[in-house]
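In each ligand, atom 1 is the first atom listed, and ligand 1 is the first ligand listed.
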Amino acid sequence: QRPILRLLSCPGTVAEDLRRDEQPSGSVETGFEDKIPRKRFSEMQNERREQAQRTVLIRCPEKISENKFLKYLSQHGPINNHFFYESFGLYAVVEFCRKESVGSLQNGTRTPSMAMETAIPFRSRFLSLKLKNQTSEQSCIQLSDQLPPSNRKLCELLCYAESMDDQLNTLLKEFQLTEENTKLRYLTCSLIEDIAAAYFPDCVVRPFGSSVNTFGKLGCDLDMFLDLDETRNLSTHKTSGNFLTEFQVKNVPSERIATQKILSVIGECLDHFGPGCVGVQKILNARCPLVRFSHQASGFQCDLTTNNRIALTSSELLYIYGTLDSRVRALVFGIRCWARAHSLTSSIPGAWITNFSLTMMVIFFLQRRSPPILPTLDSLKTLADAEDKCTIEGNNCTFVRDLSRIKPSGNTETLELLLKEFFEYFGNFAFNKNSINIRQGREQNKPDSSPLYIQNPFETSLNISKNVSQSQLQKFVDLAQESAWVLQQKDTDRLSVSNNQPWGLAAILLPTVPNRRSFTKKKRKRSANESVRNLLESLKSNRTANFTETNEK
Ligand code: GTP
Ligand code: MG
């Protein structure tokens, strides 16, 4: 069972200052959606990684005085920011201004001696703080609950929203990763990197997937990638003379076997020596071999892979799409929550659609709008400069990294319209003959008979939704049609529903959407109803037009 993560943040921390700084210059404050960082992905990753290296994770006693705690730690150097959270106990994340402070703190830290058990002496940045005198401390930590809202609270928030756009933005605001949660994700990777460094001193453990691609929901897993490129490429040191030195290494028959061997030892290492790493499973025969484990203190379910640079590049591409237009994330969050509410997605792997595939579908849909809201991957490639050129395992992964070089869309459609049109579009999509392709931004003939074909943007001969069965696809189509229909009904009912009745987004997130039979029955009646409604609407608009005309005369 996953521990509940409750973040307790400190008011006026550097985190808040950072958030303020992330406001793009010259933009008008219209809401949180403008606060998306507009840095290059690599810049953002490097900055966060460097911050994480100056950070420690401390298990604290239940009752602690924040001031005394900070004073005690400040002996090792100034603290840049900190926050507390609960996850089966109280923890603090403390970021020092200087990296040396971490070493100083570690030098003053001892390995515990236990009566019944033996401690494996591993010096990490995950520490425990003990009180010498148990009685004197009082808890005076400010609590700020960072959990996503309960279903009930969410329903309330959505029902009281003023418009569907407001509903989708509320959903995004409530579910998106907080600054503190993001810091904790980078810190966890950095702690794992320290363990992996026992074997590969120059390795880097980088987060990827939804933790960094702007589409992460509070509670999502932490995908991490063990990057050994530095270890491989350290031979840049030029020596004079006619000699060249190479390391003596073990050779294995394939890249896949090398990956399996590396992950196998890292898995063992995490299991035996990794503080807080539990439930380590080595899943080495998967298409993409991985080590899965729980990081107890942070509460994250972690998937560690290596030799997976394309996935990191996909995260970078999604980061660009998520940052280009504030409607993208709101719509993706809405669709992801909708899919989860109807069990179209699951945390267990299987024949269902993944969040990654759903995100691709939203991106594709936004490329198909007129004018397009998002550019195609091919057009991002044409904007690339020499620095952006990138080939991974023979696949062209070139696209522009500098966000300021991409022209904003002139499309002004509302989120309400986009959500409805998304369901209409995919409720009627010719999945039997067409594939989805964000590289070209248009449907293409399916190259094989997979029920759902979404072309992998970089390994273009692969289908990212190969796992999806015909029945799961049918379920998606039925629910999309049903939701389009519900939103249409609610459209007319909206003004008549009282404030605490689910409407708009709330109505389609509820499992009480009319069941398929009644929907199908209603669907049959739909064309008749539609004609009546169209007639009424045309009468209404004629009346409005006449009214305007008379007024203007
Ligand atoms: P959630 O974890 O569900 O929030 O979303 P996620 O985007 O992190 O998905 P997931 O953890 O399943 O996968 C992590 C990353 O691996 C994704 O963001 C993709 O970059 C990549 N990935 C996942 N599935 C596929 C796939 O089928 N094909 C390819 N090429 N990449 C994938
Ligand atoms: Mg993930």
Side-chain angles (χ1 to χ4, degrees), residues 2 41 45 148 172 175-177 181-182 185-186 188-189 205-227 283 286-295 298-322 328-329 332-341 343-363 377 392-397 399 435-439 450-469 472:
R2 232 180 237 197
F41 183 75
Q45 280 234 323
L172 171 64
F175 280 95
Q176 68 185 346
L177 301 183
N181 197 274
T182 303
R185 285 172 189 267
Y186 276 87
T188 306
C189 287
V205 172
R206 304 180 194 280
F208 71 99
S210 59
S211 298
V212 296
N213 67 15
T214 73
F215 297 111
K217 252 168 63 182
L218 285 172
C220 69
D221 69 354
L222 173 55
D223 305 288
M224 35 177 108
F225 159 66
L226 174 69
D227 187 351
I283 309 171
R287 191 185 66 81
C288 181
L290 70 132
V291 174
R292 179 164 289 170
F293 61 96
S294 289
H295 191 258
S298 61
F300 296 135
Q301 177 72 36
C302 304
D303 278 352
L304 176 70
T305 56
T306 187
N307 191 23
N308 197 8
R309 193 158 276 280
I310 288 201
L312 190 69
T313 308
S314 302
S315 303
E316 183 165 14
L317 179 67
L318 293 193
Y319 171 88
I320 289 177
Y321 280 129
V328 183
R329 295 171 69 233
V332 169
F333 272 68
I335 298 297
R336 282 186 173 205
C337 283
W338 166 81
R340 193 75 191 88
S343 306
L344 282 169
T345 51
S346 161
S347 52
I348 310 158
W352 21 88
I353 299 182
T354 61
N355 279 329
F356 182 55
S357 295
L358 281 174
T359 309
M360 290 292 178
M361 290 169 96
V362 176
I363 291 171
L377 178 51
I392 303 169
E393 293 157 23
N395 300 295
N396 190 330
C397 300
F399 56 89
S435 69
I436 291 164
N437 173 332
I438 67 158
R439 184 164 274 283
S450 312
L452 175 62
Y453 198 106
I454 305 176
Q455 190 194 57
N456 182 323
F458 299 116
E459 294 165 281
T460 51
S461 61
L462 300 179
N463 171 13
I464 65 158
S465 50
K466 202 170 174 209
N467 62 310
V468 178
S469 65
Q472 283 300 317

Given [options], identify the one with the heavy atom nearest to [atom].
| atom | options | result |
| --- | --- | --- |
| atom 7 (O) of ligand 1 | S314, G219, S210 | S210 |
| atom 15 (C) of ligand 1 | F225, F208, F356 | F208 |
| atom 30 (N) of ligand 1 | N355, D303, N456 | N456 |

First locate atom [atom1] of [X], then atom [atom2] of [Y], and finally report the distance between them rounded to the nearest 0.5 Å.
| X | Y | atom1 | atom2 | answer |
| --- | --- | --- | --- | --- |
| L452 | W352 | CG | CH2 | 15.5 Å |
| S314 | F208 | OG | CZ | 9.0 Å |
| L377 | T460 | CG | OG1 | 10.5 Å |
| I353 | L344 | CD1 | CG | 6.0 Å |
| M224 | F293 | CE | CZ | 4.5 Å |
| D223 | S210 | CG | OG | 6.0 Å |

Is atom 12 (O) of ligand 1 touching the protein, meaning some protein heavy atom lies under 4.0 Å away?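 Neighbour list for atom 12 (O) of ligand 1 is empty of protein heavy atoms (cut-off 4.0 Å).
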Taking 2.8 Å as the limit, list every protein N, O or S atom around the Mg ion (ligand 2), by chain and residue number.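 N, O, S partners closer than 2.8 Å: D221 OD1, D223 OD2.
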Answer yes or no: is there a donor N or O on one side and an acceptor on the other, between the side chain of R439 and the main chain of Q455, under 3.5 Å? no
Tell me the protein heavy atom at minimum distance from atom 18 (O) of ligand 1, and give that distance in Å.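 Atom 18 (O) of ligand 1 sits closest to the protein heavy atom G209 CA, 3.4 Å.
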Nearest protein heavy atom to atom 28 (N) of ligand 1, by residue and atom, and its distance?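 Protein heavy atom with the smallest distance to atom 28 (N) of ligand 1: I464 CG2, 3.7 Å.
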Sequence neighbours excluded, which residues qualify as salt bridge (charged side-chain N to carboxylate O under 4.0 Å, His left out) partners of R292? D303
Output the list of atoms in ligand 1 that are nearer than 4.0 Å to some heavy atom of [X], sorted by atom number.
| X | value |
| --- | --- |
| D221 | 2 (O), 11 (O) |
| D223 | 8 (O), 11 (O), 14 (C) |
| C220 | 4 (O) |

N/O separation below 3.5 Å, E459 to ligand 1: no
So, [X] and [Y]: side-chain donor and acceptor under 3.5 Å apart, yes or no?
| X | Y | value |
| --- | --- | --- |
| T345 | R340 | no |
| N463 | S465 | yes |
| R329 | Q176 | yes |

Measuring from the heavy atoms of [X], does anything fall under 4.0 Å of ligand 1?
| X | result |
| --- | --- |
| A311 | yes |
| R336 | yes |
| T354 | no |

With a 6.0 Å cut-off on ring centres, are F333 and F175 close enough? no
